[in-house]
Amino acid sequence: MFPSLALLYYYGLIRLYSDLNLKIIAHQWYWSYEYSDFKNVLFDSYIKNIDIFELGDLRLLEVDNRCILPCNINVRFCISSLDVIHSWTIFNYFIKLDAISGIISIFYFNFPMVGIFFGQCSEICGANHSFIPIVLEITLFDMYKNWCLIF
Ligand SMILES: [Cu+2]
């Protein structure tokens, strides 16, 4: 108990700094993303249907609406679930955030470079567990701002 309580105490003292907040809500079986800093942007992200694939799309990894974030910005992730436990995972960055209903988990990250990163739910969450991929697109801040404005 002693080391845990000490850690919790010091964790509470840390003032982590974020420029941008992203709320991720897990559902059976899709993700919802909510950005509320510049403009209220809220959308769902489903697996992309193979009928509407374009050249270069990856089967079982492409989504209809990508999660877009700027690089070199401190991002605060708030993640929760509306049903069972899911896990928002981006392999390339070793990010694995458990989405648990009733609990908001918070995580801070600063993406150092632009790119497209793929992930999948990594908590067995039901029949369509393998069909809720994640695509994280890291762009320059100006492009991110323009993308926000089209909503
Ligand atoms: Cu899941």
Side-chain angles (χ1 to χ4, degrees), residues 4 7-8 11-12 14 16-141 143-145 147-151:
S4 307
L7 274 176
L8 280 171
Y11 190 74
I14 300 173
L16 291 166
Y17 174 71
S18 74
D19 299 304
L20 192 89
N21 299 288
L22 170 65
K23 192 161 99 187
I24 305 169
I25 304 287
H27 305 261
Q28 279 176 317
W29 286 276
Y30 61 97
W31 303 96
S32 293
Y33 298 102
E34 193 177 326
Y35 304 73
S36 50
D37 292 278
F38 301 107
K39 208 177 157 193
N40 215 25
V41 176
L42 170 69
F43 60 87
D44 296 333
S45 177
Y46 285 86
I47 188 168
K48 195 171 185 181
N49 196 317
I50 204 155
D51 301 331
I52 53 166
F53 260 34
E54 289 157 37
L55 192 67
D57 282 354
L58 299 170
R59 190 178 154 268
L60 298 179
L61 282 177
E62 196 57 61
V63 295
D64 57 355
N65 292 311
R66 289 173 169 179
C67 172
I68 296 183
L69 287 174
C71 67
N72 291 322
I73 293 280
N74 292 320
V75 182
R76 178 167 68 177
F77 293 85
C78 299
I79 182 159
S80 189
S81 168
L82 280 189
D83 38 61
V84 299
I85 300 175
H86 298 267
S87 189
W88 195 85
T89 304
I90 298 290
F91 308 112
N92 297 62
Y93 278 114
F94 310 109
I95 296 174
K96 187 175 187 292
L97 303 172
D98 280 352
I100 302 164
S101 57
I103 294 173
I104 298 175
S105 308
I106 293 174
F107 174 72
Y108 292 81
F109 203 81
N110 189 319
F111 294 94
M113 58 182 171
V114 296
I116 296 172
F117 304 96
F118 294 91
Q120 285 170 313
C121 179
S122 56
E123 187 73 62
I124 305 286
C125 58
N128 289 339
H129 161 68
S130 6
F131 306 109
I132 50 168
I134 298 148
V135 182
L136 178 65
E137 199 175 320
I138 307 296
T139 63
L140 298 173
F141 186 74
M143 290 169 81
Y144 164 78
K145 224 164 59 184
W147 171 79
C148 274
L149 292 175
I150 57 168
F151 277 88

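In listed order, ligands and their atoms are each counted from 1.
- His86 pairs in a side chain to side chain contact (heavy atoms under 4.5 Å, CB included) with only one of the listed residues (Ser80, Ser101, Cys121), which is Cys121.
- A side-chain donor-acceptor contact under 3.5 Å links Asp37 and Asn21.
- The aromatic rings of Tyr35 and Tyr144 sit tilted relative to each other, their planes meeting at an angle between 30° and 60°.
- Less than 2.8 Å away from the Cu ion (ligand 1), the protein contributes these N/O/S atoms: His86 ND1, Cys121 SG, Cys125 SG.
- The side-chain heavy atoms of Phe118 and Pro133, taken from C-beta on, include no pair separated by under 4.5 Å.
- Distance check: Ile116 CD1 to Asn92 CG gives 11.5 Å after rounding to the nearest 0.5 Å.
- Among Phe117, Phe77, Phe94, Tyr93, the one residue that satisfies the ring-ring contact (aromatic ring centres under 6.0 Å, His included) test with Phe109 is Tyr93.
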